[in-house]
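Have a look at the structure below before the remarks.
Lettering of chains follows the sequences in order, A, B, ..., and the numbering in each one begins at 1.
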4 protein chains.
Amino acid sequence: MSDSPRPLRADARRNRVRVLEVAKAVLARDGTAASMREIARQAEVGLATVYRQFPTKEALFEAIVTEQTREIAGQAQSLADDENPGEAFFAFFTYAVTSSTGQKMLVDALADAGVDINAGELGQANRAMLDGAEILLVRAQQAGAVRKDMGMRELGALVSAACLAAERQHWDEDLRTRVLGIFFDGLSPRT
Amino acid sequence: MSDSPRPLRADARRNRVRVLEVAKAVLARDGTAASMREIARQAEVGLATVYRQFPTKEALFEAIVTEQTREIAGQAQSLADDENPGEAFFAFFTYAVTSSTGQKMLVDALADAGVDINAGELGQANRAMLDGAEILLVRAQQAGAVRKDMGMRELGALVSAACLAAERQHWDEDLRTRVLGIFFDGLSPRT
Amino acid sequence: MSDSPRPLRADARRNRVRVLEVAKAVLARDGTAASMREIARQAEVGLATVYRQFPTKEALFEAIVTEQTREIAGQAQSLADDENPGEAFFAFFTYAVTSSTGQKMLVDALADAGVDINAGELGQANRAMLDGAEILLVRAQQAGAVRKDMGMRELGALVSAACLAAERQHWDEDLRTRVLGIFFDGLSPRT
Amino acid sequence: MSDSPRPLRADARRNRVRVLEVAKAVLARDGTAASMREIARQAEVGLATVYRQFPTKEALFEAIVTEQTREIAGQAQSLADDENPGEAFFAFFTYAVTSSTGQKMLVDALADAGVDINAGELGQANRAMLDGAEILLVRAQQAGAVRKDMGMRELGALVSAACLAAERQHWDEDLRTRVLGIFFDGLSPRT
DNA sequence: TATGAATGAGCGTTCATTCAT
DNA sequence: AATGAATGAACGCTCATTCAT
């Protein structure tokens, strides 16, 4: 966690962050058809600078997905021993939908492009996220907050659905709250 | 503005239908990145024949969406006076998700491209579909089968979510049934 | 040998020939680093027209080499039963050097690019050329016009050497005659 | 214009030599398409260090060619008063072909790029080499070892031819010996 | 002085669209 | 009416070269 020994890379680091941020936004807007040139233009860096940080378009996508996946995995972990498992689970679900806007699209694009989603850093992050999510799900079920006939497949499907629709339809916060409310009611145990 | 008589268009009509069918399949497989040339090849017609029927790629997309929207609108209409409003509503929801696989992607592509989704034949079809859906929703609510705090916005969001996720993740029938089950439980009136 | 049944392709055919011609010249001048754009520009056709005829740069190279190889093979064949084997052999050698300007460079470029030089139409043409050359060589040796310790390897090396140097140094006819004269003296049987 | 003193350039000198060596090898392998970055990487120096020594890629090429030309000129000089002019000439020819592998390609690349081959240090080296070669040629002719109707143009053409073909076809030592044998027989006086 | 990050021109290739046949 | 050849803009990517550290 100490400062790295190379102060030279201050600008390079800033450029990387900037490119990632812009790329996230551009991809959310234009989908995977977004061009590297457009990303470079909006990040106000040269085209080759993007390529220095991310040697292919695919690598850029993968970096974005990996970053977001890690964030979600981290959130799962910090909720793992929450004293209220039900609330923790629903909070995680909401966080995942809110933060992973556009991610599923990228994951699919990567899969289409033949990237092994379970390999490398992305695979690691993915497993961490899934493991964390499963813990939250099981604890919520044990606490009686979530119906028992739910598995990871259903959870993944629901989260994906919400992510994709929120992304493409630009859900505002109000709509998201109401739709997730419906989801959560559906997830409650049947009385 | 009157429909012109069509004495010679027997083969042209057949070509149009054929191109539409093939385009639907190709787009479902390759997404909106599918090329006009590929569609022409698979339809076994010349490239310019496709362009005669659909002056731009966008127009072809629009035609597909319009057709599918009309089908869904028709389904809503035929369920409009079903004697069991609750069943009718859920059947319609399921039909919409099942049949419009790949459609949402197109709608978004159109919207991205600046097409006014409410204009022209597509707008007409869209309004018919929404009107039909609203009737089904209201009747189901009046019958006590669907919670009262649902509006068309929530309905659209839910249908979209299911369509997009089903499309991108290749839900099998079993998973779709289970996920829609959760949706429908969430839509039931709170007891 | 009859006219092909498609008169439509008159212009396409002319473009193909034109592109091939220009490409031969451009490649002779700029080497394999010549750009497709430059070829298109000089041929006064659109870039995509070049690609319609030759789907990759490699394919264009291969087409050129194949064409030239065929011409040389044809020349070998028509000299195969010449009544003066010595003259026939030397005439063939001269023809090969004169006509295949720049070819060796392309062959090597293809080999570098991983093209199997013995496969497909090029391989066929290549074998025909080598077979024809061998016949001429053996006959010349039997007639006492060429030293016996010559094999196809040496022949290939000598022809290549002359081709490459003629190409890169822009030998005029006079110099070519004198240098080939030295070659031919070297090829004569030792007295 | 005077040579500046070089008190501090011990490492710079070493870098220059190292870069030149590596560049020679890389260019022999990858041709003139080799990238400056690759050369820097293999020389284990920074990219800008290469550019400090050689302000352009062209300059690097020129330096390599100049160095090799100087070596050949030196060889010519040391053979200039050999007691056996015929042997000396053929030894020089062989040395030139053997050592200048890859050089002709560079010379041509330079010429294509518009570099005046007769200017600067390269021109000087070139003249020295040609002068030395001419002396060897004339002495060999006077000694009756080489035919009289040979001039520098023919000599240059023959050496180039052998260099280029040896380079591009990866002649092994055996083949080179045999082919040069044919060349030398051709160069002998006609009996 | 040495480094490597940044840059933009250029390359091979694809695609929607137009036009001559 | 139908065809497919022609076109140029755009894309992903690489490279020689410059500049800030």
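F:dA6 atom C1' lies 13 Å from atom CZ of C:R14, rounded to whole Å. Rounded to whole Å, atom P of F:dG4 lies 18 Å from atom CZ of C:R16. One can place CZ of C:R13 at 16 Å from P of F:dG4, the figure rounded to the nearest angstrom. Spacing between atom CZ of B:R18 and atom C1' of F:dA2 amounts to 14 Å, rounded to whole angstrom units. Whole-Å rounding puts the B:D30 CG to E:dC15 C1' distance at 14 Å.
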- Steps toward side-chain contact (heavy atoms from CB on, under 4.5 Å) verdict (C:L60, C:M36): CA-CA 9 Å; C:L60 174 58; C:M36 293 294 266; 3.9 Å; yes
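Of all nucleotides present, only F:dT3 satisfies the Watson-Crick or G-U wobble test against E:dA20, with each distance under 3.5 Å.
With C:T49 contributing its side chain and C:V45 its backbone, the two residues share no donor-acceptor pair below 3.5 Å. No donor-acceptor distance shorter than 3.5 angstrom exists from the side chain of A:K57 to the backbone of A:S35, with no hydrogens or angles considered.
Side-chain contact between B:F54 and B:L20 is present, with at least one heavy-atom pair separated by less than 4.5 Å. Side-chain contact between C:E62 and C:E121 is absent, with no heavy-atom pair separated by less than 4.5 Å.
Taking only side-chain nitrogens and oxygens, A:Q53 comes nearer than 4.0 Å to OP1 or OP2 of E:dA6.
Salt bridge annotation for A:E38-A:R41: present, with a cationic side-chain nitrogen under 4.0 angstrom from a carboxylate oxygen.
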- Query: What does nucleotides 7-13 of chain E look like as a protein-contact string, B for base, S for sugar-phosphate only, - for none, at under 4.0 angstrom between heavy atoms?
  - Reply: BB-BSBB
